[in-house]
A.B. asks: 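So that we are looking at the same thing, I have put the structure below in structure tokens.
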2 protein chains.
Amino acid sequence: MLITVDPTSAAPLFDQIATAVRLAVVRGEVSAGERLPSARELADSLDLNVHTVLHAYRTLREEGLLEVRRGRGATISASAGRDYQDLRTALDTLVAESDRLGLTRQALVGLLTHEETR
Amino acid sequence: MLITVDPTSAAPLFDQIATAVRLAVVRGEVSAGERLPSARELADSLDLNVHTVLHAYRTLREEGLLEVRRGRGATISASAGRDYQDLRTALDTLVAESDRLGLTRQALVGLLTHEETR
DNA sequence: GAGTTGTTCTAGTTCAACTAGAGCAATATG
DNA sequence: CATATTGCTCTAGTTGAACTAGAACAACTC
């Protein structure tokens, strides 16, 4: 699983890490039980602070995507092994439609955070 | 057009205002040429600073959704009058699928900001 | 026992968001 | 033309999340 980060992006670093992991799961690039690099390792290779990586891991655990324990590290949850094909299709459809209308990504995200669209 | 704001939300206030306007457009509740309240008016009724409202208006202008000029105020752009039915459908589909998988809204937004999902 | 890894604590820095107030520029209106 | 409205610009201060840094500690592996 490749995890990268863009320091110039407006998105928080811990969120970029979390999203990279979510993406890998949705794409099926990782499977349940797979182990992530330790926080100290990943922090070193991304040139970030350990706390930032741990913040990302904590976020993913609260979402149920990771199992995180001291001594052991972080592993992909069993519940994360489902089929995400429909989600990917829905995402692609939405992005295509949004682009067709000329909406910015920011605008689209704004709409999404207000769930009740009707 | 009803514009409300939640001061306790993590989302920036200016973004909440912008999204409220985007939602109204997507829902077809406002039509091209329609005039928004002046920044000072809206700031008063929402109990916010004028600058915060102007920030929202500026954002929407950069997205092409508003025409903003001094003396005149802010009006919905002509280009904003299109049909958003497909977008609403795509949004609903995505949210339903996301909920089915138990993803948090934050996780979904994270995925969306990385456009290339394939 | 030794090493690894996450957890918790304190502490300081940076930056976007927000607030506040003033004056200015463009537009509308009588 | 005079006045009011409205957005624009500038300065300035506050707040909180994100990030960094370092240390000690607890759970787990080997």
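Note that the structure is a prediction, hence the values are computed from the model and not measured.
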A.B. asks: Just N and O in the side chain of B:Thr52: are any of them under 4.0 Å from OP1 or OP2 of C:dA17?
C.D. replies: no

A.B. asks: What nucleotide, of C:dG6, C:dA28, C:dT19, holds the atom closest to the side chain of A:Ser38?
C.D. replies: C:dG6

A.B. asks: Ignoring backbone atoms, establish whether A:Arg61 has a side-chain N or O less than 4.0 Å from OP1 or OP2 of C:dT7.
C.D. replies: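 True: A:Arg61 side-chain N/O within range (under 4.0 Å) of C:dT7 OP1/OP2.
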
A.B. asks: Nearest-Å distance, CG (B:Leu13) to C1' (C:dA16)?
C.D. replies: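 It works out to 12 Å between those atoms.
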
A.B. asks: Phosphate oxygens OP1/OP2 of D:dC8: is one of them under 4.0 Å from a side-chain N or O of B:Arg70?
C.D. replies: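 Answer is no, no contact under 4.0 Å.
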
A.B. asks: Check whether any side-chain heavy atom of A:Ile76 sits under 4.5 Å from a side-chain heavy atom of A:Leu65, and report yes or no.
C.D. replies: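 A:Ile76 does not reach A:Leu65 side chain to side chain.
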
A.B. asks: Is any side-chain nitrogen or oxygen of A:Arg69 closer than 4.0 Å to OP1 or OP2 of C:dT7?
C.D. replies: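 Answer is no, no contact under 4.0 Å.
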
A.B. asks: Please report the C-alpha distance between B:Glu63 and B:Arg22 in whole Å, then the side-chain angles of each, then the deciding distance to 0.1 Å, and finally whether the salt bridge (Lys or Arg N to Asp or Glu O under 4.0 Å) criterion is met.
C.D. replies: CA-CA 10 Å; B:Glu63 291 174 7; B:Arg22 292 185 200 114; 2.9 Å; yes

A.B. asks: In whole angstrom, what separates A:Leu54's CG from C:dT7's P?
C.D. replies: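 Result: 6 Å.
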
A.B. asks: Figure out the OH/P separation between A:Tyr57 and C:dT8, and round it to whole Å.
C.D. replies: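 Roughly 17 Å, once rounded to whole Å.
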
A.B. asks: Given atom NE2 of A:His51 and atom P of C:dT5, what is their separation to the nearest angstrom?
C.D. replies: 16 Å

A.B. asks: Give the nucleotide from the list C:dA17, C:dT19, C:dG23 with an atom nearest to the side chain of B:Leu48.
C.D. replies: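 The answer is C:dT19, which lies nearest to the side chain.
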
A.B. asks: Does B:Arg35, at its CZ atom, have more than 12 non-hydrogen atoms belonging to other residues, nucleotides or ligands within less than 6.0 Å?
C.D. replies: yes

A.B. asks: When you compare the side chain of A:Asp6 with that of A:Gln16, does any pair of heavy atoms fall below 4.5 Å?
C.D. replies: yes

A.B. asks: In whole Å, I'd like the distance from the CG atom of A:Asp6 to the P atom of D:dC19.
C.D. replies: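 Distance check: A:Asp6 CG to D:dC19 P gives 12 Å.
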
A.B. asks: For the pair made of CZ in B:Phe14 and P in C:dA16, what is the distance, rounded to whole Å?
C.D. replies: 11 Å

A.B. asks: Expressed in angstrom and rounded to an integer, what is the separation of A:Leu66 atom CG from C:dT5 atom P?
C.D. replies: 16 Å

A.B. asks: Quick check on D:dT29: is either OP1 or OP2 less than 4.0 Å from any side-chain nitrogen or oxygen of A:Arg72?
C.D. replies: yes

A.B. asks: Does B:Gly71 or A:Asp15 map to a spot on DNA chain D nearer the 5' end, using the closest nucleotide for each?
C.D. replies: B:Gly71

A.B. asks: Tell me whether B:Arg100 at atom CZ has more than 12 heavy atoms from other residues, nucleotides or ligands lying less than 6.0 Å away.
C.D. replies: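 Counting other residues, nucleotides and ligands, CZ of B:Arg100 exceeds 12 neighbours.
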
A.B. asks: When the distance from CD of A:Gln106 to P of C:dA17 is rounded to whole Å, what number comes out?
C.D. replies: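 Rounding to the nearest Å, CD of A:Gln106 and P of C:dA17 are 9 Å apart.
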
A.B. asks: What nucleotide, of D:dC8, D:dT6, D:dA24, holds the atom closest to the side chain of B:Glu41?
C.D. replies: D:dT6

A.B. asks: By nearest atom, which of the nucleotides D:dA21, C:dA17, D:dC8 is closest to the A:Asn49 side chain?
C.D. replies: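 Closest of the options to the side chain of A:Asn49: D:dA21.
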
A.B. asks: I want to verify a distance call: between C:dT5, C:dA17, D:dC19, whose nearest atom is closest to the A:Arg40 side chain?
C.D. replies: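 Looking only at heavy atoms from C-beta outward on A:Arg40, the closest nucleotide is C:dT5.
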
